Amino acid sequence: MEHEDYMALALELAREAMAEGEVPVGCVIVKDGAVVGRGRNRRETARTALGHAEIEAIAQACETLGGWRLKDCALYVTLEPCPMCAGAIVNARIPALYYGAKDDKAGCCGSVLNLFEERFNHHPRIYGGILEDQCAALLQAFFRGLR
């Protein structure tokens, strides 16, 4: 599979989130070509600030792989990670992040700041703009529906 294929899987999860009234963000974590973690936003349904797609996918990947170090994995998410999720990516030692749409309000992979350039002990590689138009259009449709 290609990067766009994994992002398409994340987009499916984002659509599921949107169908439940959540901000449409989806995430998959891949190791050796296999999806080992999936997540989508569930802040409203779970009533927790921690209900972000990346956090859910990281937790599932850790459970699937039997450890907290996800050093041979890639994370695909439809929206640029926030500070909490970028920190979780650093803590999980994920070496590569692929995201779709930029987040000018809370993005910590270059939009507001780049957390991965700070003096932490781990510095994931960032690849933005994967299926960006589709990811952004889904978010725009969701927020247009709220207005």
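Since the structure is predicted, the reported quantities are computational estimates derived from the model, not experimental observations. Residue numbers start at 1 and run along the sequence shown.
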Q: Check whether any side-chain N or O of Q60 sits under 3.5 Å from a backbone N or O of R38 as a donor-acceptor pair, and report yes or no.
A: yes
Q: Nearest 0.5 Å, what's the OG-CD distance between S111 and E80?
A: 3.5 Å
Q: The criterion is side chain to side chain contact (heavy atoms under 4.5 Å, CB included); which residues satisfy it with A136, sequence neighbours excluded?
A: A101, Q140
Q: When you group the ILVMFWY residues by side-chain heavy-atom contacts below 4.5 Å and let the links chain together, are L50 and V90 in the same group?
A: no
Q: Same cluster for I55 and V30 if Ile/Leu/Val/Met/Phe/Trp/Tyr side chains link at under 4.5 Å?
A: no
Q: I want to check something: taking the side chain as every heavy atom from C-beta on, are I94 and P124 in contact at a cut-off of under 4.5 Å?
A: no
Q: List in chain and number order the residues that pass side-chain hydrogen bond (donor to acceptor under 3.5 Å, both in side chains) with T64, two or more places apart in sequence or in another chain; answer none if no residue qualifies.
A: none
Q: Kindly say whether V23 contributes a backbone atom to a donor-acceptor pair with the side chain of N41 at under 3.5 angstrom?
A: yes
Q: Using the test side-chain hydrogen bond (donor to acceptor under 3.5 Å, both in side chains), find all partners of E20 that sit at least two apart in sequence or belong to another chain.
A: R40
Q: Can you confirm whether P81 sits close enough to C109 that some side-chain heavy atom of one is under 4.5 Å from a side-chain heavy atom of the other?
A: yes
Q: To the nearest 0.5 Å, tell me how far L13 CG sits from E22 CD.
A: 13.0 Å
Q: Quick one: closest heavy-atom pair of A17 and P24, and the distance?
A: CB-CA, 4.2 Å
Q: Give the intermediate values and the outcome of side-chain contact (heavy atoms from CB on, under 4.5 Å) for residues I58 and I29.
A: CA-CA 7 Å; I58 289 170; I29 298 177; 3.7 Å; yes
Q: Atom CG of D32 and atom SG of C73: how far apart are they, to the nearest 0.5 Å?
A: 8.0 Å
Q: Does any part of the side chain of K31, heavy atoms only, come nearer than 4.5 Å to the side chain of L65, both counted from C-beta?
A: yes
Q: Just do the side-chain contact (heavy atoms from CB on, under 4.5 Å) check on L138 and R15 with the steps written out, would you?
A: CA-CA 8 Å; L138 191 61; R15 287 184 192 97; 3.9 Å; yes
Q: Looking only at atom types and distance, does a side-chain atom of T78 sit under 3.5 Å from a main-chain N or O of G26, one as donor and one as acceptor?
A: yes
Q: Under a single-linkage definition using a 4.5 Å side-chain heavy-atom cutoff for Ile, Leu, Val, Met, Phe, Trp and Tyr, are I89 and V112 assigned to the same hydrophobic cluster?
A: no
Q: Tell me every residue that passes salt bridge (Lys or Arg N to Asp or Glu O under 4.0 Å) with E56, counting only those two or more places apart in sequence or in another chain.
A: R42
Q: What's the separation between atom CG in L75 and atom CG in L97, rounded to the nearest 0.5 Å?
A: 6.0 Å
Q: Would a single hydrophobic cluster contain both L70 and M84, if residues Ile, Leu, Val, Met, Phe, Trp and Tyr are joined by side-chain heavy-atom contacts under 4.5 Å?
A: no
Q: Within a strict 4.5 Å, meaning less than it, do heavy atoms of the I126 and Y99 side chains meet?
A: yes
Q: Nearest 0.5 angstrom please: C85 SG to L115 CG, how far?
A: 11.0 Å
Q: Pairs under 3.5 angstrom only: tabulate donor-acceptor contacts from the side chains of residues 1-12 to other protein residues two or more places apart or in another chain.
A:
| unit_1 | atom_1 | unit_2 | atom_2 | d |
| --- | --- | --- | --- | --- |
| H3 | ND1 | Y76 | OH | 2.7 |
| D5 | OD2 | E2 | N | 2.8 |
| Y6 | OH | G33 | O | 3.3 |

Q: Output the distance between atom SG (C82) and atom NZ (K105), rounded to the nearest 0.5 Å.
A: 14.5 Å
Q: Do the side chain of E54 and the main chain of A88 share a donor and acceptor less than 3.5 angstrom apart?
A: no
Q: Ring pair (Phe, Tyr, Trp, His ring centres under 6.0 Å): which pairs involve residues 100-141, sequence neighbours left out?
A: Y98-Y127
